[in-house]
Amino acid sequence: MSAEKDPPSAADLDKQPPVMVSSSPHASRLKYVSLGVLVLQTTSLVLTMRYSRTLKEDGPRYLASSAVVSAEVLKIITCIFLVLMENNYSMRAMNQLLKEEIVNKPMETLKLAVPAGIYTLQNNLLYVALSNLDAATYQVTYQLKILTTALFSVSMLGKKLGFYQWLSLLFLMAGVTLVQWPSDSGGDTEEKVVSAGSQFMGLMAVLMACVSSGFAGVYFEKILKETKQSVWVRNIQLGLFSFILGFIGMIVYDGQSVRQLGMFQGYSTITCIVVALQAVGGLVVAVVIKYADNILKGFAASLSIILSTLISYFLLNDFSPTGLFFLGALLVIAATFLYGHERKPTGSSAIKV
């Protein structure tokens, strides 16, 4: 029997070796339920965000900076409720815990300012990316976060990568290169130039998001491993800084628009769905890693790419797949599985994390 530990951070998904989980029917059922939830959440977020940023509506489009701030508020509220559940719905116990861990430890709390700022930037970049790229191309290219996370893990945490993991990173780079390879389709020259410029902006946004995701994820993992705080408390600290920084960013870049038409201008049902999906994204990852392992995470990423491609092609009509895209997507999916491949230990079946 092993001592109970806090669930690992979201960044652990791309860096930890597969964790051995119970083979009981109940645990197995939870694994596949969590897998389904992750696939559904990832695919839904990408497609609804893409749809909301390209939907033609009367009036102004909603502000990406406002959606980021709203998602942080919803995330904080959700984490507070989860902390309340952990304390048997005792408001006094919860208030005492939050005061002790957040207010009475200001230096520990301040450590979260760095990843909070980077995550806020990353969330804004994803809106830019999905305003300029189709959902399928975005999904495949965003898997480069595996590469950036691995490189930051090696440089910041001193982790060692095995042969299969380095090989998977080569597959990943090759796959993303093929996905982004320009097609020779005809069409109006001016329209092609505008499309190329828009796609370049989307690609730069995704690449910046991958770098920020890798650094912030590893930095957050390092903080979590140094303390034994609840992951939900840490997410509250992270959310508070993200809210403050996101609100400042909204005032600086969209202040005039906010003063004229309000923070919630252009909000619709689809916007609220995007905000809710973005808010629960990190929480879903925490639940998934609690019951699943890196192999199942690979299934989730691959299934999400396939679903995004199919829906983007058949429903959104904003994606025309090519042979190079399918070859690149296949390489990315193979890289995802290969990165999680680990030779089974000869001694004990338990893997220390």
Side-chain angles (χ1 to χ4, degrees), residues 14 38-56 64 122-149 168-188 191-214 270 274 277-278 281 298-337 339:
D14 291 328
L38 180 60
V39 172
L40 181 62
Q41 187 273 335
T42 305
T43 308
S44 300
L45 176 60
V46 171
L47 294 173
T48 53
M49 192 182 289
R50 168 66 179 170
Y51 178 73
S52 70
R53 298 308 287 173
T54 57
L55 184 64
K56 306 264 188 223
Q122 174 191 334
N123 289 333
N124 280 280
L125 286 171
L126 296 186
Y127 281 97
V128 175
L130 281 165
S131 298
N132 295 281
L133 290 175
D134 59 82
T137 302
Y138 161 84
Q139 272 283 67
V140 176
T141 308
Y142 194 46
Q143 297 307 307
L144 274 175
K145 64 184 178 180
I146 299 175
L147 171 64
T148 59
T149 300
S168 73
L169 296 181
L170 292 177
F171 279 20
L172 182 67
M173 292 294 295
V176 172
T177 301
L178 289 175
V179 166
Q180 295 294 338
W181 199 267
S183 61
D184 296 327
S185 59
D188 185 73
E191 183 179 343
K192 285 171 69 178
V193 170
V194 173
S195 176
S198 176
Q199 187 159 5
F200 178 77
M201 181 182 296
L203 176 60
M204 289 299 101
V206 174
L207 293 178
M208 290 176 64
C210 288
V211 174
S212 62
S213 173
I270 190 69
V274 169
L277 287 171
Q278 192 174 28
F299 273 103
S302 303
L303 288 174
S304 182
I305 291 172
I306 294 170
L307 285 176
S308 296
T309 302
L310 294 175
I311 296 175
S312 187
Y313 177 71
F314 287 108
L315 296 183
L316 299 184
N317 297 318
D318 65 351
F319 174 62
S320 299
T322 63
L324 286 178
F325 178 89
F326 282 118
L327 179 58
L330 186 62
L331 283 174
V332 170
I333 292 171
T336 306
F337 283 110
Y339 187 82

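Side chains are part of it too, since the values below use all heavy atoms of this structure and drop only hydrogens, waters and symmetry mates.
- Shown are L307, L277, V39; of these, the side chain to side chain contact (heavy atoms under 4.5 Å, CB included) with S44 is made only by L277.
- We find the CE-CD distance between M173 and Q143 to be 14.0 Å, quoted to the nearest 0.5 Å.
- Contact record, V46 with L130: O-CD1, 3.9 Å, taken as the closest heavy-atom pair.
- Evaluation of the side chain to side chain donor-acceptor pair (under 3.5 Å) rule for Y138 yields no partner, not counting sequence neighbours.
- Within the 4.5 Å cutoff, side-chain heavy atoms of K145 are placed close to those of T148.
- Within a 6.0 Å radius of OH in Y51, no more than 12 heavy atoms belonging to other residues, nucleotides or ligands are found.
- Annotation: ring-ring contact (aromatic ring centres under 6.0 Å, His included) contacts of Y127 (sequence neighbours excluded): none.
- To the nearest 0.5 Å, the span separating OG1 on T141 from CG on L207 amounts to 7.5 Å.
- Side-chain contact check for L331 versus L172: every heavy-atom pair is 4.5 Å or farther apart.
- In terms of the side chain to side chain donor-acceptor pair (under 3.5 Å) criterion, residue partners of T43 (sequence neighbours excluded) are, by chain and number, S304.
- Taking 4.5 Å as the limit, every side-chain heavy atom of M201 sits out of range of all side-chain heavy atoms of L133.
- A distance of 8.5 Å separates CG of L126 from OG of S213, quoted to the nearest 0.5 Å.
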